[in-house]
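What you see below is based on every heavy atom in this structure, not just the backbone, and it leaves out hydrogens, waters and symmetry mates.
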Amino acid sequence: MERDSTAGGAEDLLLEDTVSKLRAGSLHKHELAEAMEVEQEGLVEHQPLEQDDLNFEKWKPKPKPKRTLHEKIDDLKTYLWNAETKEFMGRSGKSWSLILLFYSALYIFLAAMFAGCMCCLMWSISPYAPTYNDRVMPPGMTMFPHVDVAHGFDVAFNASDRSSWRKYAKALEAHLKSYDDGVQDRRNINCEGNTYFMQDDLEESAERKACQFKRSWLGECSGMKDKDFGYSKGKPCILVKMNRILGYLPGQGTPIHVTCGVKKGSTEGLEEVQFFPENIFNLRYYPYYGKLRHVNYSSPLVAVHFPSVPYDTQLHIQCKLNGKGIINDSPTDRFLGSVSFTLQVGA
């Protein structure tokens with residue numbers, strides 16, 4: 001029994017030794033194979049390139065053959081309508097239908113949204129009075145005639161030369177057409193007093209009445225007695241007025257009055273200035289309710305007559321509004337509460 005166990009132990013030892021040798025041999029072979037592979041790669045890297053490898057021309061894309069005009073036309077026809085696939089411009093009928101449906105729905109939605117926004121906007125604002133009034137409350141001032149605004153308010157003419165002053169007379173005549181006595185009698189009512197003509201108790205959409213301002217009240221500057229408005233005699237007339245401001249009550253209960261004088265240079269020859277009908281803007285023409293409600297409103301005017309202007313002398317004249325709440329010396333807006341012009345009369 002002992003002999004058999006001894007023999008069996010020897011055989012186990014011999015088997016283990018054989019397995020370890022086989023394992024060592026396989027590892028050695030594997031390492032040897034890896035070393036040979038690395039050596040082969042090194043040889044490949046250092047191997048010189050062949051002449052064909054240096055020919056880069058063969059790697060360039062070959063040029064496409066030129067197509068004839070007939071082929072291009074055929075391709076275009078096929079693109080427009082492919083009879084084989086039943087496609088128009090590269091799309092089937094179903095594809096085009098989906099595109100048209102999508103964009104139709106998109107633009108209908110955008111149009112509806114825009115229309116809805118406009119309806120909400122128009123519903124929220126009044127057509128008779130602005131919701132937000134950002135205009136400057138002190139009024140501006142303008143004059144007539146102004147036939148060449150690009151070069152400023154310049155009045156220059158020779159009394160003996162009709163062609164030099166005819167344009168001024170025509171401009172005044174055109175502006176005073178709506179102030180004719182007959183027109184004012186038909187359109188507006190006769191008002192008395194010097195107080196504001198308030199009509200706020202009427203409905204918002206109701207038409208407001210307007211007071212008459214007749215042309216005949218302008219006296220020497222009405223153009224009724226003298227069709228030339230004094231220009232043929234070297235005694236010209238001009239008209240001044242305040243700009244309209246919706247709801248504005250000028251002067252805080254006191255009439256605004258007008259003054260005119262020489263702005264630059266000597267005041268000689270301009271001592272006498274006449275105003276028609278007077279040098280104030282009567283309060284009965286205010287407030288102004290806008291074009292939709294004050295349909296026949298006529299802005300009050302002040303006519304300024306210069307009866308003794310020296311010949312061949314350029315005068316820089318400024319007319320101003322004066323009263324409570326009036327600004328007439330703004331350095332940035334030359335028409336705020338005043339208007340300036342040059343006057344030169346030749347023989």
Side-chain angles (χ1 to χ4, degrees), residues 139-149 153 155 157 159 162-197 199 206-246 248 250 255-258 260 273-307 319 321 339 341 343:
M141 192 177 185
T142 188
M143 63 158 285
F144 298 93
H146 51 270
V147 296
D148 191 8
V149 182
F153 293 120
V155 179
F157 64 95
R162 181 181 178 84
S163 62
S164 66
W165 52 259
R166 183 57 183 164
K167 56 186 177 181
Y168 301 118
K170 289 180 66 176
L172 289 173
E173 177 66 29
H175 185 71
L176 291 176
K177 207 68 178 176
S178 61
Y179 291 89
D180 287 343
D181 291 10
V183 175
Q184 291 294 314
D185 286 333
R186 290 193 306 270
R187 294 180 177 178
N188 299 328
I189 63 174
N190 185 28
C191 301
E192 300 291 341
N194 190 15
T195 57
Y196 297 125
F197 188 13
Q199 303 177 69
E207 182 178 341
R208 268 54 173 179
K209 296 180 180 180
C211 294
Q212 295 177 357
F213 190 95
K214 295 184 177 181
R215 179 174 180 171
S216 58
W217 298 348
L218 299 178
E220 297 294 330
C221 297
S222 65
M224 300 176 70
K225 297 179 181 179
D226 182 5
K227 298 292 183 181
D228 301 332
F229 296 92
Y231 284 84
S232 60
K233 302 175 183 178
K235 301 176 181 181
C237 289
I238 67 164
L239 304 174
V240 295
K241 71 173 184 177
M242 288 194 297
N243 295 341
R244 299 178 182 180
I245 300 178
L246 195 144
Y248 178 58
I256 302 297
H257 66 277
V258 180
C260 292
V273 178
Q274 298 175 346
F275 298 93
F276 300 98
E278 51 189 340
N279 70 329
I280 67 169
F281 289 102
N282 199 293
L283 298 181
R284 62 173 174 261
Y285 298 101
Y286 305 97
Y288 171 60
Y289 287 95
K291 290 183 178 180
L292 293 180
R293 294 181 291 183
H294 243 155
V295 180
N296 298 319
Y297 180 81
S298 299
S299 297
L301 303 172
V302 172
V304 186
H305 185 217
F306 301 97
C319 293
L321 298 175
V339 62
F341 61 96
L343 177 62

Exercise. Give the minimum heavy-atom separation between F213 and P277, together with the two atoms involved.
Key: CZ-CD, 4.0 Å
Quiz item: Which pair of heavy atoms, one from N296 and one from A210, lies closest together, and at what distance?
Solution: O-CB, 4.0 Å
Practice problem: Could you give me the CA-CA distance, side-chain angles and deciding distance for F275 and H257, then say whether side chain to side chain contact (heavy atoms under 4.5 Å, CB included) is met? | Solution: CA-CA 11 Å; F275 298 93; H257 66 277; over 6 Å; no
Exercise. Carefully, step by step, assess C319 and M141 under the rule side chain to side chain contact (heavy atoms under 4.5 Å, CB included).
Key: CA-CA 9 Å; C319 293; M141 192 177 185; 4.0 Å; yes
Quiz item: Quick one: CD on E192 to CG on N282, what's the gap to the nearest 0.5 Å?
Solution: 9.5 Å
Exercise. Report the residues that fulfil side chain to side chain donor-acceptor pair (under 3.5 Å) with S216, sequence neighbours left out, ordered by chain and then residue number.
Key: D181
Exercise. Identify the two heavy atoms, one from Y286 and one from P300, that lie closest to each other, and give their separation to 0.1 Å.
Key: OH-CG, 3.4 Å
Quiz item: Distance from W217 atom CH2 to Q184 atom CD, nearest 0.5 Å?
Solution: 8.0 Å
Self-check item: Interatomic spacing from CZ in R208 to NE2 in H294 - rounded to 0.5 Å
Solution: 8.5 Å
Exercise. Would you please name every residue forming a salt bridge (charged side-chain N to carboxylate O under 4.0 Å, His left out) with K177, sequence neighbours left out?
Key: E173
Quiz item: If you measure from CD on E278 to CZ on F276, what distance do you get to the nearest 0.5 Å?
Solution: 12.0 Å
Practice problem: Please name the pair of heavy atoms, one in S164 and one in K167, separated by the smallest distance, quoted to 0.1 Å. | Solution: O-CE, 3.7 Å
Quiz item: Which residues pass the salt bridge (charged side-chain N to carboxylate O under 4.0 Å, His left out) test with D185, sequence neighbours left out?
Solution: K214
Practice problem: Tell me, please, which residues at least two apart from D180 pass salt bridge (charged side-chain N to carboxylate O under 4.0 Å, His left out). | Solution: R215
Quiz item: If you round to the nearest 0.5 Å, how far is OH of Y179 from CG of L218?
Solution: 9.0 Å
Exercise. Could you grab the distance from atom OG of S178 to atom OH of Y297, nearest 0.5 Å is fine?
Key: 12.0 Å
Quiz item: Do side-chain atoms of Y196 reach the backbone of P250 as a donor and acceptor pair under 3.5 angstrom?
Solution: yes
Self-check item: Sole residue of N194, N188, T195, I189 in side-chain contact (heavy atoms from CB on, under 4.5 Å) with C191
Solution: I189
Quiz item: What do the steps show when you test Y285 against M242 for side chain to side chain contact (heavy atoms under 4.5 Å, CB included), and what is the final call?
Solution: CA-CA 11 Å; Y285 298 101; M242 288 194 297; over 6 Å; no
Quiz item: Closest approach of N243 and P139, non-hydrogen atoms and distance?
Solution: O-CB, 4.1 Å
Under 3.5 Å donor-acceptor pairs involving side-chain atoms of residues 229-241, not counting sequence neighbours:
unit_1	atom_1	unit_2	atom_2	d
Y231	OH	C237	O	2.8
S232	OG	D228	OD2	3.2

Quiz item: Can you name the salt bridge (charged side-chain N to carboxylate O under 4.0 Å, His left out) partners of K209, sequence neighbours left out?
Solution: none
Exercise. State, to 0.1 Å, how close G140 and L321 come at their nearest heavy-atom pair, and which atoms those are.
Key: O-CD1, 4.3 Å
